[in-house]
Amino acid sequence: MAESGQTQHGKVRHPPGLYLLFFTEMWERFSYYGMRALLTLYLTTALISGGLGFEKSTAMSIYGFFTGAVYFTPLAGGYLSDRYIGKRRAITIGGILMALGNFTLFAVTNTTGLYMGLALLIIGNGFFKPNISTLVGELYPNDEGRKDAAFTIFYMGINIGAFFAPLICGYLAEDMFKTTVDGVDHFGFRYGFLAAAIGMIIGQAIYNGIGNRYLGDIGKVTVRASSGNQGSGDVSQSPLTSKEKQRTAVIVIITCFVIFFWAGFEQAGSSLTLYADKFVDKHFFGWEVPTAWFQSLNPFFIVALAPVLSALWVKLASTKRGDLSIPVKMSCGMIMLGLGYMVLIIAVLQTGSDENNIVAQSNIMFIIVTYLLHTLGELFLSPVGLSMVSKLAPLKLASLLMGVWLASTGVANILGGYLAAFTQSLGYFEVFGLIGLLAIVMGLILLMLSRKLERMME
């Protein structure tokens, strides 16, 4: 597959394969975020109302474990695809397993179905997630300067799916299939999970239907087979050079820092969802906004702001001083996350933390501004991190190190699940304040280390 070319007017354009991967990931994110938007509500809603009736602290621990585990399995998936399966085939295997996972949540509405469905989603994500991001990098083998922009466009595209998923799945569960019998509400969570399964199937149909046309042979051959065909020795067995070791160390170091970012960011599906459900005035012109819809704010802001930041990175790269370095961008992202929690703390001071004794409901703008700042932080950190791994990772470790990068989110989600559970005992003010302060402090430390990390990346 040819890399980016030029139009007849000389303007550089991205390869069509980028947009195929854009749509494939878009549907996968529709599937994931549609399910995620409902999971905490499904776990905590009473059995009689269509949920599973878990205690809130238990539900948030389950949520944290699930959202953590889906980022650990890419370590195994990346290793297997690099050496045995190939990236393209691994993406198909992962997509099928995730579709089956969501369908299981739809078909088996009890704890057995819950654990079976989540297990399939966890395993499937391990095959899918590290490989599709790596394929984006492989579309630009000789164009390192535009990878940040390409990954930001890719990131914008996948969040279109993440935007519509809570709206559609939340509407199905909390409105269309909601029934009231003898004064008891019964929610249609299972139909939201069905919509998530259908989204995954659509994405895989597109990917497998036209993949050969727009991706060519990219990702079909394993690293081991590719190095053998090149006749230059087995790259997968050769030792790392000194520079490769330094670059790998940078990936690992920055990965450790971003754990603190994701632990705070992923509260969106747990403690922030429960806070919005009880403590935020969700009425809009007499209509109550479904709680799941708040999770569409993040992808909406990404779609709106990603083109602006993508253009900014390209503009800065063409200046004399050059673009901001990767560590500087990421430190800014962490600080923005912390500032988002500082805004939310103002709301908590008004509402209190006891849902049985709510002093007052907060204005909806507090949580909107929080999501806006969190999204800006994400755009400074996440797509830049994907680009960093594709630039710095040695060829034989490309998917594995992408798995390591994603595993940081896994650690963070498990940590975030425990933090969310503490909101039920310590209170929202204490937990949100702790998360916000830690994010700002770690961002400042990363900023101080940026010069050293930049030298190691050269």
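The basis for the numbers below is simple: all heavy atoms, side chains too, and nothing from hydrogens, waters or symmetry mates.
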Would you indicate whether Tyr19, at its atom OH, is surrounded by more than 12 heavy atoms from other residues, nucleotides or ligands within a distance under 6.0 Å? yes
Mind listing the closest non-hydrogen atom pair of Gly192 and Cys169 along with its distance? O-SG, 3.4 Å
Going by side chain to side chain contact (heavy atoms under 4.5 Å, CB included), name the residues that satisfy it together with Val369, two or more places apart in sequence or in a different chain. Val343, Met365, Leu373
Can you name the ring pair (Phe, Tyr, Trp, His ring centres under 6.0 Å) partners of Phe128, sequence neighbours left out? none
Before we go on, tell me: are the rings of Trp27 and Phe164 under 6.0 Å apart, centre to centre? no
Scan side-chain atoms only and decide if Asn125 and Thr73 contain a donor-acceptor pair under the 3.5 Å cut-off. no
Take Leu344 and Tyr428 through the side-chain contact (heavy atoms from CB on, under 4.5 Å) test and state the conclusion after the steps. CA-CA 10 Å; Leu344 197 58; Tyr428 289 106; over 6 Å; no
So, using salt bridge (charged side-chain N to carboxylate O under 4.0 Å, His left out) as the criterion, who are the partners of Arg29 when residues are at least two apart? none
All ring pair (Phe, Tyr, Trp, His ring centres under 6.0 Å) counterparts of Phe103, not counting sequence neighbours: Phe106
Polar side chain donor-acceptor pair, Tyr275 to Thr351, under 3.5 angstrom: yes
Please round to the nearest 0.5 Å and tell me the distance separating atom CG of Leu135 and atom CD1 of Ile218. 7.5 Å
Give a yes or no on this: more than 12 heavy atoms of other residues, nucleotides or ligands lie within 6.0 Å of atom NZ of Lys243. yes
Can you list the residues that meet the salt bridge (charged side-chain N to carboxylate O under 4.0 Å, His left out) rule with Glu288, with sequence neighbours excluded? Lys282
Report the distance from atom CE of Met457 to atom CD1 of Ile251, rounding to the nearest 0.5 Å. 9.0 Å
Can you list the residues that meet the ring pair (Phe, Tyr, Trp, His ring centres under 6.0 Å) rule with Tyr341, with sequence neighbours excluded? His374, Phe432
With sequence neighbours excluded, what pairs up with Glu25 under the salt bridge (charged side-chain N to carboxylate O under 4.0 Å, His left out) test? Lys129
Kindly state each residue pair satisfying salt bridge (Lys or Arg N to Asp or Glu O under 4.0 Å) with at least one member in residues 263-276, sequence neighbours excluded. Arg36-Glu266
Apply the side chain to side chain contact (heavy atoms under 4.5 Å, CB included) test between Ile93 and each candidate in Ile91, Ile96, Leu97; give the one that qualifies. Leu97
Would a distance-only check, ignoring hydrogens and angles, find a side-chain to backbone donor-acceptor pair under 3.5 Å from Gln295 to Gly34? no
Going by salt bridge (charged side-chain N to carboxylate O under 4.0 Å, His left out), name the residues that satisfy it together with Glu28, two or more places apart in sequence or in a different chain. none
Looking at Asp323 and Lys315, does any basic side-chain N land under 4.0 Å from a carboxylate oxygen? no
Within the distance-only criterion (no hydrogens, no angle test), does the side chain of Ser331 pair as donor or acceptor with the backbone N or O of Leu444 below 3.5 angstrom? no
Spacing of CZ belonging to Phe163 relative to CD1 belonging to Ile168, to within rounding of 0.5 Å: 9.5 Å
Could you measure the distance from the CG atom of Leu274 to the CZ atom of Phe279? Nearest 0.5 Å is fine. 9.5 Å
Set of residues satisfying ring pair (Phe, Tyr, Trp, His ring centres under 6.0 Å) with respect to Phe294, sequence neighbours excluded: none
Could you pull out the closest heavy-atom pair between Phe30 and Ala195, with the gap in Å? CE2-O, 3.4 Å
For side-chain contact (heavy atoms from CB on, under 4.5 Å), just list the numbers for Asn102 and Ser31, CA-CA rounded to whole Å, side-chain angles, deciding distance to a tenth of an Å, and then say yes or no. CA-CA 8 Å; Asn102 275 312; Ser31 173; 2.7 Å; yes
Rounded to the nearest 0.5 Å, what separates atom CG in Asn413 from atom CZ in Phe72? 9.0 Å
Run Leu215 and Leu21 through side-chain contact (heavy atoms from CB on, under 4.5 Å) and show every step you take. CA-CA 9 Å; Leu215 295 175; Leu21 298 176; 4.0 Å; yes
Is there a donor-acceptor pair under 3.5 Å between the side chain of Ser81 and the backbone N or O of Gly78? yes
Using side-chain contact (heavy atoms from CB on, under 4.5 Å), reason through Tyr207 and Arg88 one step at a time and then give a plain yes or no. CA-CA 9 Å; Tyr207 170 75; Arg88 295 271 287 279; 3.2 Å; yes
For Ile198, the side chain to side chain contact (heavy atoms under 4.5 Å, CB included) test, sequence neighbours excluded, returns Leu194, Ile202
Extract all donor-acceptor atom pairs below 3.5 Å that involve side chains of residues 298-307 and protein atoms in other chains or at least two apart in sequence.
| unit_1 | atom_1 | unit_2 | atom_2 | d |
| --- | --- | --- | --- | --- |
| Asn298 | ND2 | Thr375 | OG1 | 2.9 |
| Asn298 | ND2 | Glu378 | OE1 | 2.9 |

Can you tell me how far apart CD1 (Ile414) and OG1 (Thr67) are? Round to the nearest 0.5 Å. 8.0 Å
Which atom of Met456 lies closest to which atom of Ala249, heavy atoms considered: CE-CB, 4.0 Å
